[in-house]
Structure formats: structure tokens, C-alpha cells
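Each chain gets a letter, A, B and so on, in the order the sequences are listed, and its residues count up from 1.
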2 protein chains.
Amino acid sequence: MALTIGMLGRATHTKVETIRYYERIGLLSAPGRSGGNYRSYGEAELGRLSFIRRARQLGFSLDQVRALLELSDDRGRDCATVDALARGHLAEVERKIADLAALQRELAAMVDSCHGGTVGSCRIIEALGPTRSD
Amino acid sequence: MALTIGMLGRATHTKVETIRYYERIGLLSAPGRSGGNYRSYGEAELGRLSFIRRARQLGFSLDQVRALLELSDDRGRDCATVDALARGHLAEVERKIADLAALQRELAAMVDSCHGGTVGSCRIIEALGPTRSD
DNA sequence: GCTTGACCCTGTAGTTGCTACAGGGTGCAT
DNA sequence: ATGCACCCTGTAGCAACTACAGGGTCAAGC
């Protein structure tokens, strides 16, 4: 069961360049080469890359993914660290949601206040300029 | 009323480097120089930079800000374009909120399922690995 | 008048997480 | 043998800044 980089990419919905990038930054280790210097992947790499992609989809940064991978390799260890990492990320996501919600309210109010007309009297432009003197 | 770049930065909560960056990419035009080749700003630049920072705070991209600035300079024009831009951005923000909310639900479920123990039996790690065979 | 320190200048490289070439080599089918 | 899909390396680009390095300027205090 040897995969080329293209096959691995298709299996994990990952661009070939992205896989090479992960290798370059040390998130994936360099795989074996076969025949004409092509990368050759197996089951293990498929699992690892799937893990990475799933974590990325959940919004973990590459550094967080790196930490999760390291932790997950040490199966005997207490999973409190993993839990803390996930909880931290969750808190971050919740903060972002709150920020965006505030933004959304402001934008909605801005858009609502526009009743057409010219830019000169546009409430949106007005809302952006704090002191449009003149 | 001439401002140095540092004063302008303090007045608009903008780092000096950021102001120079905005000038480099043409968002701010090059100001006059005074004395020993220092940039010298006036009321107009203060207003323009405030506008930019406010729009950025509201999550508009620099390209969107550039468009808004161009539109706001033409005060006789119909403000429908401004409205469309703001509405488009609002829709984008709302999409982001929905995405993050979905993420939040998944992360919360993941974190909830962790009841301590070792990494080997950690539900979080399990949730990330789709097919951790073996 | 000379030093100290805060400020200013230019130019370049780093950040995150990829993506997109350019300029080649390989493998398989026709 | 020739086309085509795929692979290789290396480098540069995206957003939107940020952070230096290596200098020049200016006002105050001694």
C-alpha cells in the first residue's frame, strides 16, 4: 500500500504543495522515496495527515496541531494537556464569535441607516468618518 | 497644526510603521516634509487615517477601504455602491459567525467528551483521528 | 557645546498558512 | 517516440502588518 503524494492529497483533500509544505516545516517527517525519487507514503502517514487536516478544519493553528500530535504520540500520558489545549482554543473561538457579533451589530446599524441619496449625505460614510469637518 | 508621524500615530492609535506602510501601498498619499526630512501631516490626513482605522476595525479589507475612500471622495455620487459594499461585508461577517458557531459546537462536544485519563483513551485525540487503526 | 534620549529616516525581512509558478525529470500508454 | 499526467526542487507571492538594523535630527539639560 504505497501512495504517491498526489494519491495522498486526494485521500485527504490536501493540495500536493501543502503536503510538501508540512514536510518542510517538520509537521510531517520526510517519507521514503521510490523509483525516480518520488515520495512514498503508507498507512501511518495517511493517518497523521488526516489528523492534521481535521484539526486544521477545527481551527487549530499549526503550532497547536504540532502540540496535539506530540501529545497524541505519547499514549500513556495524562490527557489533561490535550484537554487544556482544546479548551483554550474553544475559548478563543468563543471570543472571536463575540467580537464578530459586535461587529455585525455595528455594520447592520450602519447599513440600516442608509436611505439612498448621494455620498455627500450617506450615513455609512458619515459613520466611518469621525469628524468630517467641512 | 502640523503633526509628526508619531503624533499622528498616537492620535489614531496606529503604529508609526503602519502609517508608513499605508503610504507605501498608496492608501495615504505622501505628505510634505519639514526640517530634517520628517513627514508632516495636517487635519486632512488625520481625518483620512481615522477613516481608514475605523473601517479596518469594522473588518473591511484594505481593498474595501480603498474603495470606500474613493467613493467618499466623490460626494455628489449615488451612495448605492457604498451601501452594496457595506452589505456585502455584513453578509461576509454573518457567514463567518455561522462558521465559527458550527466550530464552537464541535469543539464544545469534543471537550465535553473528555473525562480525563490517559491520551491513549482520550476522546479528543480520538475525535481528531478519523481511523486510528491500532 | 556637548551629550543624552526621544524621535525620525530608509530598507529589508519576518509573521501565518498556504498557493503558484518556473524549469525541469519520470512513468506509462499509444 | 511522443504525448500526457504526474513528480521533483526552489523561489516568490498573498494580507496586513510588525520588527529590526543602521543610521540622522532635535530639544533639553549640564
Side-chain angles (χ1 to χ4, degrees), chain A residues 2-42 45 48-69 89 92-93 96 99 103, chain B residues 2-28 30-42 45 48-49 51-69 88-89 92-93 96 99-100 103:
Chain A
L3 301 168
T4 64
I5 196 169
M7 289 157 79
L8 181 63
R10 275 187 295 278
T12 56
H13 310 285
T14 310
K15 299 224 154 111
V16 164
E17 287 95 338
T18 305
I19 299 175
R20 284 197 284 250
Y21 169 70
Y22 287 163
E23 181 183 327
R24 201 163 59 245
I25 64 169
L27 212 56
L28 293 172
S29 46
R33 299 288 179 130
S34 76
N37 198 32
Y38 285 15
R39 284 171 182 80
S40 172
Y41 299 97
E45 279 102 335
R48 196 172 170 92
L49 183 53
S50 301
F51 184 102
I52 294 170
R53 295 304 281 180
R54 178 102 186 90
R56 290 290 299 133
Q57 272 170 30
L58 288 172
F60 287 95
S61 74
L62 287 184
D63 265 4
Q64 287 174 321
V65 173
R66 206 187 295 270
L68 284 171
L69 279 168
H89 179 49
E92 211 179 294
V93 167
K96 258 185 212 164
D99 284 359
L103 215 67
Chain B
L3 301 167
T4 65
I5 196 169
M7 289 157 79
L8 181 63
R10 275 188 295 278
T12 56
H13 311 285
T14 309
K15 300 223 155 109
V16 164
E17 287 95 337
T18 304
I19 299 176
R20 285 198 282 249
Y21 169 69
Y22 287 164
E23 180 183 328
R24 202 163 59 246
I25 63 168
L27 212 56
L28 292 173
R33 300 287 180 132
S34 77
N37 198 31
Y38 285 14
R39 286 173 181 79
S40 172
Y41 298 96
E45 278 101 336
R48 195 173 171 91
L49 183 53
F51 184 103
I52 294 171
R53 296 304 283 180
R54 178 102 186 90
R56 291 288 301 131
Q57 271 170 30
L58 288 172
F60 287 94
S61 73
L62 287 185
D63 265 5
Q64 288 173 321
V65 173
R66 206 187 293 271
L68 284 171
L69 279 169
H89 180 50
E92 210 179 294
V93 167
K96 257 185 212 162
D99 285 358
L100 281 177
L103 215 67

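- The minimum heavy-atom distance linking A2(B) with M7(B) is given by the pair O-CE, 4.1 Å.
- Within 4.0 Å of I25(A), counting heavy atoms only, lies no atom of the nucleic acid at all.
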_Residues R48(B), Y41(B); criterion side chain to side chain donor-acceptor pair (under 3.5 Å); working and verdict_ = CA-CA 11 Å; R48(B) 195 173 171 91; Y41(B) 298 96; over 6 Å; no
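- Note: CZ (R24(A)) to P (dC8(D)) measures 13 Å, nearest angstrom.
- Of the candidates dA20(C), dT9(D), dC20(D), dA20(C) carries the atom nearest the E17(A) side chain, counting heavy atoms from C-beta on.
- With DNA chain D read from its 5' end, the first of the two nearest nucleotides for R20(B) and D63(B) is the one closest to D63(B).
- When all heavy atoms of L103(B) and L58(A) are compared, the closest pair comes out as CD2-O, 3.5 Å.
- Residues R39(B) and R20(B) have side chains in contact (heavy-atom distance under 4.5 Å, counting atoms from C-beta outward).
- Between the C1' atom of dG17(C) and the CD1 atom of I19(A) lies a distance of 15 Å, rounded to the nearest Å.
- Within 4.0 Å (heavy atoms only), Y22(B) reaches sugar-phosphate atoms of the nucleic acid but no base atom.
- Between the P atom of dC7(D) and the CG atom of L3(A) lies a distance of 11 Å, rounded to the nearest Å.
- Contact between the side-chain N/O atoms of R39(A) and the OP1/OP2 oxygens of dC7(D) is not found at any separation under 4.0 Å.
- The base of dG24(D) is paired with the side chain of Y38(B) by a donor and an acceptor separated by under 3.5 Å.
- Between T12(B) and R53(B) the shortest heavy-atom distance is O-CG, 4.0 Å.
- For Y21(A), the listed nucleotide lying nearest its side chain is dT19(C); candidates were dT18(D), dT19(C), dC8(D).
- Residue whose closest nucleotide on DNA chain D sits further toward the 5' end, between T4(A) and K15(B): T4(A).
- Within the 4.5 Å cutoff, the side chain of R56(A) has heavy atoms near those of the L62(A) side chain.
- Direction change of the helix axis from one end of the helix from dG1(C)-dC30(D) to dT30(C)-dA1(D) to the other is 30°, with five pairs defining each end axis (rounded to 10°).
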